[in-house]
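So the structure is just underneath, and the comments pick up after that.
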Amino acid sequence: MKLQSTIGMLALLAAFGAHAQYKYVGPDGKVVYSDQPPPSGAKVLDKKGLPAQSTGGPELPYALKSASQTYPVTLYTAGNCGTPCSEGRNYLVKRGIPFTEKTVNTADDAAKFKKDLSTDKLPVLTVGNSKQTQWQQDGWASALNAAGYPADSQLPQGYKNPAPAPVAPPAATSQTASNQGAAPAANGAPSAPPPAASSGGDKPTWFKGF
């Protein structure tokens, strides 16, 4: 009878764990299965019982993680954007918004930026599909509020946003690699000169004046 009772209890616990959406370590150190979001600061576990990993370092609180997954934030800046870009970036950092920064510093960057964002103004903030052109705190705040981002920072200590990356990363130079293994030209004739250097490193004229 006791064995049947034990088996029944284990089956009940297994069924509850299967339907629970969240698994985390409670304040008493015990694993908790729940259909309610874990409290802030709780150690969230994955299906194997290991600490769940996040790409930015420590695990984000549930509300912040949910907003960043549903409405990811991207900031577009340029090296010569000056005060508007700095103020926009500082606002996101102070508010504790997880974001990706993309830089527009070359002609290739500028071409892709203008094609993808349909604007030549900087900075630009995207929150999911929402786009905020130029730095305007009220507009940026409204977009973040609508996406469910907390008004005050909830980022855990040690969290770091990804390093800024160019809008148009340099293409892999596979041709250069293949040329390194090419056989010398016949009869000692010099090989063909390399192609002219790309102008991709030049800053676009439409950035001047920032």
Side-chain angles (χ1 to χ4, degrees), residues 53-155 159-178 194-210:
Q53 300 296 316
S54 65
T55 57
E59 185 71 14
L60 297 176
Y62 176 78
L64 189 56
K65 182 177 181 179
S66 178
S68 63
Q69 289 178 341
T70 308
Y71 303 102
V73 174
T74 302
L75 172 66
Y76 293 84
T77 65
N80 58 348
C81 177
T83 300
C85 286
S86 296
E87 290 184 350
R89 184 187 302 108
N90 291 340
Y91 172 75
L92 296 179
V93 171
K94 184 177 181 181
R95 180 161 170 171
I97 304 297
F99 68 94
T100 299
E101 182 171 350
K102 294 187 177 182
T103 56
V104 186
N105 291 317
T106 69
D108 289 341
D109 291 334
K112 182 170 176 55
F113 170 77
K114 193 169 185 178
K115 177 182 178 181
D116 293 348
L117 277 299
S118 301
T119 183
D120 56 5
K121 305 297 184 181
L122 286 170
V124 168
L125 178 77
T126 60
V127 183
N129 293 327
S130 171
K131 180 178 68 178
Q132 300 294 317
T133 304
Q134 297 186 289
W135 162 237
Q136 295 179 344
Q137 181 169 332
D138 290 343
W140 288 29
S142 296
L144 294 169
N145 292 342
Y149 283 93
D152 299 313
S153 178
Q154 294 185 10
L155 284 180
Y159 182 91
K160 292 182 179 180
N161 287 310
V167 171
T173 55
S174 57
Q175 184 64 37
T176 301
S178 62
S198 170
S199 61
D202 297 329
K203 290 185 178 180
T205 56
W206 59 273
F207 276 114
K208 293 180 179 179
F210 277 117

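Of all the heavy atoms in Tyr149 and Pro98, the pair that sits closest is CE2-CD, 4.2 Å. Nearest heavy-atom pair, Asn105 versus Gly79, reported as atom, atom and distance to 0.1 Å: OD1-N, 2.6 Å. Across all non-hydrogen atoms, the minimal contact from Ser130 to Ala143 is OG-CB, 4.1 Å. Taking all atoms of both residues into account, the shortest heavy-atom contact from Leu155 to Ile97 is CD1-N, 4.4 Å. Residues Val127 and Ala147 share a closest heavy-atom pair of CG1-CB, 3.6 Å. When all heavy atoms are compared, the tightest approach of Asp109 to Val167 is OD1-N, 3.5 Å.
Two residues are said to be in side-chain contact when any heavy atoms from C-beta on lie closer than 4.5 Å; Ser68 and Leu60 meet this criterion. By the 4.5 Å heavy-atom criterion applied to side chains, Pro123 and Trp140 are counted as neighbours. Annotation: side chain of Tyr71 is not in contact with side chain of Leu144 (no heavy-atom distance under 4.5 Å). Counting heavy atoms from C-beta outward, Glu87 and Gln137 have side chains that stay 4.5 Å or more apart.
In summary, of the residues considered (Pro72, Pro164, Pro162), a side-chain contact (heavy atoms from CB on, under 4.5 Å) with Thr100 occurs for Pro162 alone.
The environment of NZ in Lys112 is sparse: at most 12 heavy-atom neighbours from other residues, nucleotides or ligands sit within 6.0 Å. For Asn90, the CG atom sits in a packed shell: over 12 heavy atoms of surrounding residues, nucleotides or ligands are nearer than 6.0 Å.
Expressed to the nearest 0.5 Å, how far OH of Tyr76 lies from CG of Leu125 amounts to 10.0 Å. A distance of 5.5 Å separates NZ in Lys102 from OG1 in Thr74, rounded to the nearest 0.5 Å. Considering CG of Leu92 and CG of Leu75, their distance stands at 6.0 Å, rounded to 0.5 Å. Residue Asp120 holds its CG atom at 11.0 Å from CG of Leu117, rounded to the nearest 0.5 Å. Distance check: Gln69 CD to Leu64 CG gives 10.0 Å after rounding to the nearest 0.5 Å. Annotation: the span from Asn161 atom CG to Arg89 atom CZ amounts to 11.0 Å, rounded to 0.5 Å.
Side chain of Thr70 to backbone of Ser66: a donor-acceptor contact under 3.5 angstrom is found.
Between Tyr91 and Trp135, the ring planes are tilted. Angles from 30° to 60° get that label.
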